[in-house]
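Below is one structure, written out as structure tokens; comments come after it.
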Amino acid sequence: MDELTSRARRLYRRLLKQYPDATCELDYETPFQLAVATVLSAQCTDKRVNMVTPVLFARYPDAEALADALIGDVEEIIKSTGFFRNKAKSITGLAMAVVARHEGTLPSTMAELFELPGVGRKTANVILGNAFKTNEGVVVDTHIGRLSNRLGLTKQTDPVKVEQALIALFPRKHWTMLAHLLIWHGRRTCAARKPKCAECVVADLCPSAVEFR
DNA sequence: ATCCCGAGGG
DNA sequence: CCCTCTGGAT
């Protein structure tokens, strides 16, 4: 095992010890609801998403209901998540596609998920890892891209290449938890703007830590 | 590369 | 004011 890989494994164990309960923080009951919540989470905090989905899912609990929704009603409910016109179009289009192509049940493969409107690789990986527990890839969002670079796990910035780097560094069974750990750490300690290196549990393993002291 | 487009923090 | 928040489509 090379040096980078062993350092990556140490990072993982250290973060797991600090965040043993790290998990997806979006609220949902079904895979379809997770898909909708994940689309809404683009450029928006999950806390904000969790404020609108109870209203959204109460009125439109499944794909059939959301497919028949008036776009203006959906826009009004999700407005506070930002990009609301695009997101309303995405989630109603997503619902219509799930009804038309998959009899109202969200599919469980990367290929089928990726074909759905508004669902990119990141969203598909969130659904596969959390709702279906089949790690086909690694979620790479803004936090994971930022931390992967700061921690020296890759110098790539393209999300697909970051994902490839993480896939090569960590065993598949850890991919979903890895994403949760990096997201939690990114929120709590390794924030985009003002990282708290002084209180970071992996600062000694991080090539960027000195820059922030 | 650019657009979408709201809320909260610093 | 500026930056950031679990991106995707054009």
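Chain naming here is simple, since letters A, B, ... match the order of the sequence lines and numbering starts at 1 in each.
Atom CD of A:E115 and atom P of C:dG8 are 14 Å apart (whole Å). If you measure from atom CD1 of A:I78 to atom C1' of B:dC4, you get 12 Å, rounded to the nearest angstrom. What separates CD1 of A:I183 from C1' of C:dG7 is a distance of 13 Å, to the nearest Å. Counting to the nearest Å, the P atom of B:dG8 and the CG atom of A:N50 are 15 Å from each other. With rounding to whole Å, A:E75 atom CD is found 13 Å from B:dG6 atom C1'. One can place CG of A:D141 at 9 Å from P of C:dC5, the figure rounded to the nearest angstrom. In this entry the distance linking CG of A:L40 with P of B:dC5 reads 14 Å, nearest Å. Note: CG (A:D46) to P (B:dG8) measures 14 Å, nearest angstrom.
Using a 4.0 Å cutoff on non-hydrogen atoms, the parts of residues 79-94 of chain A near DNA chain B are A:K79, A:S80, A:G82, A:F83, A:F84, A:R85, A:N86, ordered by number.
With distances taken from any side-chain atom of A:R193 to the nucleotides B:dG6, C:dT6, C:dT4, the minimum falls on C:dT4.
Among the atoms of the strands shown, none is found under 4.0 Å from any heavy atom of A:V49. Note on A:P117: only backbone sugar-phosphate atoms sit closer than 4.0 angstrom, heavy atoms only; bases stay farther off.
Neither side chain, A:Q156 nor A:N149, offers a donor N or O lying under 3.5 Å from an acceptor on the other. For the 3.5 Å distance criterion, the side chains of A:H185 and A:Y19 qualify, holding a donor opposite an acceptor. Between the side chains of A:N135 and A:H174, no donor-acceptor pair of N or O atoms lies under 3.5 Å.
Contact annotation: A:R48 side-chain N/O to C:dT6 OP1/OP2 distance is not under 4.0 Å. A close approach under 4.0 Å does occur between a side-chain nitrogen or oxygen of A:T123 and OP1 or OP2 of C:dG8.
If you take atom P in B:dA7 and the same atom in C:dG8, they sit 22 Å apart, rounded to whole Å. Nucleotides C:dT6 and B:dA1, compared at atom P, are 24 Å apart to the nearest Å.
For A:D141, the side-chain hydrogen bond (donor to acceptor under 3.5 Å, both in side chains) criterion is met by no residue, not counting sequence neighbours. Under the rule for a side-chain hydrogen bond (donor to acceptor under 3.5 Å, both in side chains), the partners of A:R187 that lie at least two apart in sequence or sit in another chain are A:E25, A:D46.
Heavy atoms of other residues, nucleotides or ligands lying less than 6.0 angstrom from CZ of A:R59 number 12 at most.
One finds a salt bridge joining A:E163 and A:R121 here, because a Lys/Arg side-chain nitrogen approaches an Asp/Glu carboxylate oxygen to under 4.0 Å.
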